[in-house]
Amino acid sequence: MEALALLPILFIGIIYLGVIGFTIWFAISLIKAQRERNVVLKEISYKLDFVDIRKKED
């Protein structure tokens with residue numbers, strides 16, 4: 001019977017590790033997406049530096 005008393009503690013431990021794992025995965029995915037977005041924005045910014053913007057004259 002004492003072994004059954006450890007099951008709730010084990011269950012809580014598994015849930016706790018799952019939450020920590022999900023948090024780490026989410027943070028890594030978010031950072032990766034932000035890096036990719038920054039690369040794209042940097043490329044766009046670089047291309048816009050060389051675009052000749054002229055005002056359309058009527």
Side-chain angles (χ1 to χ4, degrees):
M1 287 292 176
E2 291 182 22
L4 291 178
L6 294 176
L7 285 178
I9 296 172
L10 182 62
F11 185 67
I12 291 172
I14 291 172
I15 290 175
Y16 183 71
L17 289 176
V19 169
I20 290 175
F22 177 76
T23 304
I24 292 172
W25 169 80
F26 182 75
I28 290 172
S29 298
L30 188 64
I31 290 170
K32 185 177 178 182
Q34 292 294 323
R35 283 185 182 166
E36 291 174 0
R37 186 183 67 116
N38 284 343
V39 168
V40 171
L41 290 174
K42 196 176 286 187
E43 290 174 1
I44 292 171
S45 174
Y46 181 74
K47 289 178 182 179
L48 286 176
D49 285 341
F50 295 105
V51 172
D52 187 22
I53 301 174
R54 297 182 191 154
K55 187 174 182 180
K56 187 174 181 180
E57 295 180 19
D58 293 323

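Under the side chain to side chain contact (heavy atoms under 4.5 Å, CB included) criterion, Ile12 pairs with no residue, sequence neighbours left out. Applying the ring pair (Phe, Tyr, Trp, His ring centres under 6.0 Å) rule to Phe11 yields no partners; only residues at least two apart in sequence or on another chain are considered. Leu17 meets the side chain to side chain contact (heavy atoms under 4.5 Å, CB included) test with no other residue; sequence neighbours excluded. The ring pair (Phe, Tyr, Trp, His ring centres under 6.0 Å) test applied to Phe26 returns no partner, not counting sequence neighbours.
In the hydrophobic clustering (ILVMFWY side chains linked at under 4.5 Å, chained through shared members), Ile28 is joined by Tyr16, Ile20, Ile24. Hydrophobic clustering, defined by side-chain heavy atoms of Ile, Leu, Val, Met, Phe, Trp and Tyr closer than 4.5 Å, groups Phe50 together with Tyr46.
Sorted by first and then second residue, the pairs that involve residues 34-45 and meet side-chain hydrogen bond (donor to acceptor under 3.5 Å, both in side chains), not counting sequence neighbours, are Gln34-Arg37.
Leu48 and Val40 fall within the same hydrophobic cluster, where Ile, Leu, Val, Met, Phe, Trp and Tyr residues are linked whenever their side-chain heavy atoms come under 4.5 Å apart, directly or through other members.
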